[in-house]
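Just so it is clear, the model here is predicted, and its values are computed rather than measured.
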Amino acid sequence: MNNFLLDGTTTRQAKTETSKPIFVTFGADTFEAIGLPPLSASELNDPNHKSLLDLWKYLFCRNFPQEESKKDPSLLEDYGRDPQFEESSVDILREQKMKELENLREILVKRRQNTETTSIQIIN
């Protein structure tokens, strides 16, 4: 495939020419080789950014804002009711199953009460 995609050469050298397909092998690129992100001088000198990785993360998050979770996911009791995972067709089926389960619980509680009262009458 390299022969067809990358000018017919089979070298393993990194190719980063912007007008051609990019080819960089694993471990051949580093943040130092990539350089500084396009940030202002004040953002580059911010003490919160200790490494180039931190600077690139900051730039990425600035351009693609991350949604903050309203609740701690570990504290959420029922992930099916999490608004982040809403899907109407699945939610409708889930509600239907929850109603069926509740009805079954009520039936079992009634049966248990009936068997307890009959066993008490038999013992007396």
Side-chain angles (χ1 to χ4, degrees):
M1 292 293 278
N2 288 342
N3 295 344
F4 299 112
L5 295 175
L6 304 172
D7 300 333
T9 60
T10 58
T11 62
R12 293 285 181 191
Q13 294 177 348
K15 294 190 178 206
T16 58
E17 194 173 326
T18 57
S19 64
K20 296 183 179 182
I22 295 174
F23 178 75
V24 180
T25 58
F26 175 76
D29 57 341
T30 62
F31 284 110
E32 289 76 20
I34 294 170
L36 293 172
L39 295 171
S40 68
S42 63
E43 292 171 323
L44 288 173
N45 294 325
D46 186 354
N48 293 328
H49 310 302
K50 298 181 187 335
S51 67
L52 283 172
L53 176 62
D54 292 335
L55 287 169
W56 281 103
K57 280 182 182 179
Y58 170 74
L59 179 66
F60 179 84
C61 292
R62 190 181 74 184
N63 290 325
F64 304 101
Q66 308 296 303
E67 290 184 15
E68 293 293 325
S69 177
K70 295 179 179 99
K71 293 183 179 179
D72 182 9
S74 63
L75 299 176
L76 191 60
E77 293 177 14
D78 188 1
Y79 291 104
R81 297 189 191 281
D82 189 349
Q84 183 179 0
F85 303 110
E86 285 182 2
E87 189 170 332
S88 61
S89 60
V90 174
D91 292 341
I92 291 170
L93 289 174
R94 190 169 195 281
E95 282 301 317
Q96 179 183 349
K97 289 294 181 182
M98 293 304 288
K99 287 178 184 176
E100 290 175 6
L101 182 60
E102 188 59 36
N103 290 339
L104 180 61
R105 284 183 184 147
E106 290 174 6
I107 291 170
L108 291 174
V109 167
K110 288 178 183 177
R111 282 186 186 169
R112 185 176 298 141
Q113 289 173 349
N114 287 340
T115 56
E116 287 175 3
T117 56
T118 55
S119 63
I120 292 173
Q121 290 174 354
I122 293 172
I123 295 175
N124 291 333

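To the nearest 0.5 Å, atoms CD (Glu87) and CZ (Arg94) are separated by 13.0 Å. The CG atom of Leu104 sits 10.0 Å away from the CD atom of Glu106 when rounded to the nearest 0.5 Å. Note: Arg111 CZ to Asn114 CG = 9.5 Å, rounded to the nearest 0.5 Å. Expressed to the nearest 0.5 Å, how far CG of Leu59 lies from CG of Asn63 amounts to 5.0 Å.
In this structure, Glu102 pairs ionically with Arg105, as a charged nitrogen and a carboxylate oxygen lie closer than 4.0 Å.
Heavy-atom minimum distance, Cys61 versus Gln66: SG-CG, 3.8 Å. The two residues Arg62 and Leu39 have their closest heavy-atom pair at NH1-CD2, 3.6 Å. When all heavy atoms of Trp56 and Pro38 are compared, the pair lying nearest together is CH2-CD, 4.2 Å.
A chain of hydrophobic side-chain contacts below 4.5 Å, direct or via other Ile, Leu, Val, Met, Phe, Trp or Tyr residues, connects Phe31 to Leu44. Under a hydrophobic clustering in which Ile, Leu, Val, Met, Phe, Trp and Tyr are joined whenever their side-chain heavy atoms come within less than 4.5 Å, directly or via other members, Tyr58 and Leu53 fall into the same cluster.
Thr25 has its side chain within reach of Phe23: a pair of non-hydrogen atoms, C-beta onward, lies under 4.5 Å apart.
With Leu55 as reference, Leu36 is the one residue of Asn48, Asp46, Leu36 to meet the side-chain contact (heavy atoms from CB on, under 4.5 Å) rule.
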